[in-house]
Every structure is written in structure tokens, then in C-alpha cells.
Amino acid sequence: MNNFRDVIGDTQYSVIEYRRTPVYDSVTREKTGQTESRYTVLHGYDKIDIKVADDGQAVTQAQVRAAADAGEPIQMAFSNLEIIIRPKSQWEIQVTGRASKAAVVVSK
């Protein structure tokens with residue numbers, strides 16, 4: 001099975017988990033000095049990890065956890081979202097995403 005890419009564009013999701021992870025060089029596989037944000041969202045019943053190369057200032061882990069525990073997950077707007085579906089094993093697929101920017105949606 002080949003990788004499948006779908007450019008969704010600008011959209012928003014409820015975030016259920018947030019973390020910062022180091023970025024690794026694609027050639028040498030060594031850790032660089034940069035980090036990226038990883039947002040876990042629910043798309044239907046599937047969990048999708050969306051990576052965003054940003055400064056990590058949009059939201060904190062404590063904010064996401066508190067909102068999820070209260071039953072009202074934080075809504076994040078993702079710009080230029082691209083979803084990638086690839087085989088994980090013979091029987092499973094892995095769905096990930098990459099966006100250029102993430103921002104908290106302010107409810108009115």
C-alpha cells in the first residue's frame with residue numbers, strides 16, 4: 001500500500017492531548033535544537049497526531065488537560081492541514097497530519 005495524502009486546508013478540531021517533541025534531521029537522524037508541537041485530535045473515532053513547527057505558545061499541556069477533564073476540549077484552528085495515511089503493519093494503517101500553523105479558536 002502506498003502513502004495517501006489529502007490536503008484539507010484550514011480546519012479546526014478538538015484537541016485531546018498536546019506535547020512538544022524534538023525534531024530529528026531527516027538525513028543523519030540526529031536530534032536538532034528545534035522542537036515542534038504535536039496535537040492529538042479526534043477525527044470521527046480515530047486519533048490523529050498533527051505536527052506543527054511553531055514556538056509552542058498557542059496552548060499549554062495544562063490548558064488542554066484541564067479543558068478535556070472538564071468535558072469541553074479546546075478547539076484549535078489548523079492552517080494548511082495535510083493528512084497522511086500510511087501502512088503501519090499488514091493489518092493496520094497509521095494516520096498523521098502536518099499543519100503550518102495552529103491557533104486557539106476563541107468561542108463567542
Side-chain angles (χ1 to χ4, degrees):
M1 177 181 171
N2 294 331
N3 292 349
F4 173 75
R5 295 178 186 272
D6 186 14
V7 178
I8 295 177
D10 298 346
T11 189
Q12 55 185 332
Y13 286 105
S14 298
V15 176
I16 58 172
E17 189 177 298
Y18 168 76
R19 62 197 174 283
R20 300 278 295 158
T21 57
V23 175
Y24 291 87
D25 186 280
S26 61
V27 176
T28 63
R29 303 281 187 217
E30 293 180 9
K31 190 186 299 187
T32 66
Q34 301 172 333
T35 58
E36 64 187 1
S37 295
R38 287 188 180 215
Y39 300 91
T40 302
V41 302
L42 283 179
H43 180 73
Y45 293 102
D46 297 320
K47 285 185 178 181
I48 300 174
D49 281 337
I50 300 174
K51 297 178 189 177
V52 180
D54 62 8
D55 58 5
Q57 300 299 315
V59 70
T60 66
Q61 287 179 336
Q63 287 175 307
V64 171
R65 190 172 296 124
D69 288 347
E72 297 178 8
I74 291 177
Q75 291 284 319
M76 297 292 291
F78 296 98
S79 299
N80 303 318
L81 179 61
E82 175 184 39
I83 299 293
I84 303 141
I85 302 169
R86 64 179 57 91
K88 186 174 182 180
S89 69
Q90 181 179 0
W91 309 108
E92 294 180 286
I93 60 171
Q94 180 180 20
V95 181
T96 58
R98 179 163 288 285
S100 62
K101 183 180 175 185
V104 175
V105 176
V106 179
S107 59
K108 296 177 183 178

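Start at 1 with the first residue, then count along the sequence.
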Fill in the blank from the handout: Residues passing the side chain to side chain donor-acceptor pair (under 3.5 Å) test with E17, sequence neighbours excluded, are R19
Exercise for the section: Evaluate side-chain contact (heavy atoms from CB on, under 4.5 Å) for R86 paired with T96, printing each intermediate quantity in order. Expected result: CA-CA 8 Å; R86 64 179 57 91; T96 58; 3.1 Å; yes
Fill in the blank from the handout: Residue pairs passing the salt bridge (Lys or Arg N to Asp or Glu O under 4.0 Å) test with at least one member in residues 97-106, sequence neighbours excluded, are E36-R98
Problem - Test side chain to side chain donor-acceptor pair (under 3.5 Å) applied to Q63 - qualifying residues, sequence neighbours left out - result: T60
Side-chain donor-acceptor pairs under 3.5 Å in residues 75-84, sequence neighbours left out?
unit_1	atom_1	unit_2	atom_2	d
Q75	NE2	S14	OG	2.4
N80	ND2	S100	OG	2.9

Handout entry: Inter- and intrachain pairs under ring-ring contact (aromatic ring centres under 6.0 Å, His included), touching residues 48-73, at least two apart
Key = none
Exercise for the section: Any chance you could pull the hydrophobic cluster mates of I16, using side-chain heavy atoms under 4.5 angstrom and chaining through other members? Expected result: L42
Exercise for the section: May I ask you to test the N3-P87 pair for a side-chain heavy-atom distance under 4.5 Å? Expected result: yes
Handout entry: Listed partners of E92 passing side-chain contact (heavy atoms from CB on, under 4.5 Å), at least two apart
Key = K88, S89
Practice task
If a pair satisfies salt bridge (Lys or Arg N to Asp or Glu O under 4.0 Å) and one of its residues is in residues 63-73, list it, with sequence neighbours excluded.
Solution key: none
Fill in the blank from the handout: Sequence neighbours excluded, the answer for side chain to side chain donor-acceptor pair (under 3.5 Å) partners of S26 is none
Completion exercise
Applying side-chain contact (heavy atoms from CB on, under 4.5 Å) to Q34 and not counting sequence neighbours gives V23, T32
Practice task
Check side chain to side chain donor-acceptor pair (under 3.5 Å) between D46 and all other residues, then give those that pass, not counting sequence neighbours.
Solution key: none
Exercise for the section: Decide yes or no on side-chain contact (heavy atoms from CB on, under 4.5 Å) for Y18 and Q61, but give the supporting numbers first. Expected result: CA-CA 6 Å; Y18 168 76; Q61 287 179 336; 3.6 Å; yes
